[in-house]
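Only one structure is covered here, and it is reproduced in the block below.
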Amino acid sequence: MISVNDFKTGLTVEVDGDIYTVLDFQHVKPGKGAAFVRSKLKNLRNGNTVEKTFRAGETIGRAMIENRDVQYLYASGQEHVFMDNETYDQFSLTEDQLKWELNFLKENMNVKIVSYQGEILGINLPNSVELRVVETEPGIKGNTATGATKNAKVETGLNVQVPLFINEDDVLLIDTREGKYISRA
C-alpha cells in the first residue's frame with residue numbers, strides 16, 4: 001500500500017481493480033475543508049486517461065510492474081510475434097494492443113514488455129529509433145525565412161515532418177514518445 005501523498009510521476013498503482021500509471025498529480029489545500037490530491041492517471045490495460053481525486057493521506061495499492069527484454073520477430077495478419085530474450089518463449093500481441101508502437105517497430109528490434117501478474121499490458125519502446133525514409137518530396141531552396149519542413153514517410157509507414165535537406169534513403173532518428181524527427185542518424 002502507498003499513500004497518495006507519496007505520488008510521483010511514473011508510479012504504478014492499482015485503483016478499483018485496474019492498473020494505472022500516474023501522469024500528473026497536484027496536492028490541493030483549500031482554505032476551507034480537508035486537503036486532497038488531484039491526479040491524472042493512465043489505464044495500462046486500455047490506454048484511457050482519467051482524472052481522480054483522493055483525500056490526503058488515503059492509501060491505495062501499489063502495482064508491481066515487471067519489465068522484460070523481448071525481441072519483435074514478425075507480423076502475422078493482425079498478430080505481432082515477440083520472443084523473450086531469456087527463455088526464448090514466443091507470444092503474440094494484437095494490433096489493438098500496439099496501435100502507437102507499430103509506427104516504430106521493425107523486425108528483430110529489442111523492446112521491453114510490460115506485464116502485471118503474468119498479464120501482458122503492452123511494450124515500452126526505446127526513447128528514439130532509427131528509421132529509413134522511403135518517400136519524400138525533393139527539397140526546394142529559396143522562400144525559407146525560418147526552419148521550413150516537409151512531409152516524409154518512413155519504412156514503418158509513419159509520416160514525419162522533416163527539414164528540407166532530408167532525402168529518400170536517409171536514416172533518421174525519430175522520437176517514439178511524440179513521433180517527431182530528432183536528427184539524421
[X] vs [Y] side-chain heavy atoms within contact, under 4.5 Å:
X    : Y    : value
P126 : M109 : yes
V13  : F7   : yes
N110 : V70  : no
V162 : L172 : yes
V171 : L131 : no
K52  : D16  : yes
I174 : L158 : yes

Any donor-acceptor N/O pair, [X] side chain to [Y] backbone, under 3.5 Å:
X    : Y    : result
E79  : S76  : no
Q71  : N108 : yes
W100 : G179 : no
D18  : V15  : no

(request) Classify the angle between the aromatic ring planes of Y72 and F82 as parallel (below 30°), tilted (30 to 60°) or perpendicular (above 60°). (result) tilted

(message) I'd like to check the ring-ring contact (aromatic ring centres under 6.0 Å, His included) partners of Y181; sequence neighbours left out, ordered by chain and number.
(response) none

(message) Among residues at least two apart in sequence or on other chains, which ones pass ring-ring contact (aromatic ring centres under 6.0 Å, His included) with F36?
(response) none

(request) Check the pair Y20, E14 against side chain to side chain donor-acceptor pair (under 3.5 Å), reporting the backbone distance first and the verdict last. (result) CA-CA 6 Å; Y20 294 94; E14 186 172 1; over 6 Å; no

(message) Looking only at side-chain N and O atoms, does D89 offer a donor or acceptor that is under 3.5 Å from a partner on T87?
(response) yes

(message) Run the side-chain contact (heavy atoms from CB on, under 4.5 Å) test against L102 and tell me which residues pass, sequence neighbours left out.
(response) H80, E95, L98, L105

